[in-house]
Amino acid sequence: QVQLVESGGGLVQTGGSLRLSCAASRSIFSINAMGWHRQAPGKQRELVATITKGGTTNYADVGEGRFTVSRDNAKNTVYLQMNSLKPEDTAVYYCYALLANGNPYWGQGTQVTVSS
């Protein structure tokens with residue numbers, strides 16, 4: 001089991017930046033992969049980015065090269081740096097963790113709102 005706590009969401013203007021944080025309650029060495037999904041009103045939840053415990057990253061097209069996922073093992077934290085934000089990025093962003101035992105976990109989400 002793992003608890004995930006997201007932070008860093010908020011309101012920004014178009015072109016601005018945010019860094020989301022996801023703090024895990026256990027060593028992320030024991031987590032196969034972590035990352036971020038988002039869900040906008042009326043839309044399906046979609047992948048944004050993931051990072052494995054080995055450091056391999058994966059980005060969905062929705063990021064358009066503007067997002068970077070990283071981790072700090074000492075802090076048991078994964079980050080999502082979002083630059084050049086657009087109104088289309090407005091969504092609830094959810095942290096995700098896939099444990100080695102195959103069990104997935106989700107954070108409660110953090111709201112990102114980009115004003116036009």
Mark yes or no for whether Gln39, through its side chain, and Gln44, through its backbone, hold a donor-acceptor pair below 3.5 Å. no
Hydrophobic clusters here meaning ILVMFWY residues chained together by side-chain heavy-atom distances under 4.5 Å, can you tell me if Tyr59 and Leu98 are in one? no
A side-chain contact here means heavy atoms from C-beta on lying under 4.5 Å apart; do Pro87 and Thr14 qualify? yes
If Ile, Leu, Val, Met, Phe, Trp and Tyr residues are connected whenever their side-chain heavy atoms lie under 4.5 Å apart, and connections chain through other members, are Tyr96 and Tyr94 in the same group? yes
From CA spacing to verdict: side chain to side chain contact (heavy atoms under 4.5 Å, CB included), Ser17, Gln81: CA-CA 7 Å; Ser17 298; Gln81 178 68 44; 3.9 Å; yes
Is there a side-chain contact between Ser115 and Leu11, using heavy atoms and a 4.5 Å cut-off? yes
Lys NZ or Arg CZ of Arg71 over Tyr79 ring: under 6.0 Å, within 45°: no
Can Trp36 and Ile51 be said to form a side chain to side chain contact (heavy atoms under 4.5 Å, CB included), step by step? CA-CA 9 Å; Trp36 299 89; Ile51 184 167; over 6 Å; no
From the list Thr77, Thr110, Leu4, side chain to side chain contact (heavy atoms under 4.5 Å, CB included) partner of Cys22 resolves to Leu4
Compare all side-chain heavy atoms of Ser27 with those of Asn76 and state whether any distance is below 4.5 angstrom. yes
Calculate, to the nearest 0.5 Å, the distance between atoms CD and CD belonging to Gln108 and Gln3 respectively. 10.5 Å
Of the non-hydrogen atoms in Ala97 and Val2, which two are nearest, and what is the gap between them? CB-CG1, 4.3 Å
Return yes if some donor-acceptor pair links the side-chain N/O of Thr90 with the main-chain N/O of Val114 below 3.5 Å, else return no. yes
Quick one, Leu47 and Asn58 - any side-chain contact, counting heavy atoms below 4.5 Å? yes
Measuring from atom SG of Cys95 to atom CE of Met34, what distance do you get when rounded to the nearest 0.5 angstrom? 4.0 Å
Does Glu64 pair with Arg66 as a salt bridge, N-O distance under 4.0 Å? yes
Is there a path of hydrophobic side-chain contacts, each under 4.5 Å between heavy atoms, that joins Leu80 and Val92? no
So how far is it from Asn101 CG to Asn32 CG, rounded to the nearest 0.5 Å? 8.5 Å
Kindly check if the number of other-residue, nucleotide or ligand heavy atoms within 6.0 Å of CD (Glu46) is above 12? yes
Is there a side-chain contact between Tyr105 and Gln1 in this structure, where contact means two heavy atoms from C-beta onward sitting under 4.5 Å apart? yes
Answer yes or no: is there a side-chain heavy-atom contact under 4.5 Å between Tyr93 and His37? no
How many angstroms lie between NZ in Lys53 and CZ in Phe29, if you round to the nearest 0.5 Å? 9.5 Å
Between Val62 and Asp89, which heavy-atom pair has the shortest distance, and what is it? O-OD1, 4.5 Å
Side chains of Thr50 and Val69: does their closest heavy-atom pair fall under 4.5 Å? no
Less than 4.5 Å apart, side chain to side chain, heavy atoms only: is that true for Ile31 and Arg26? yes
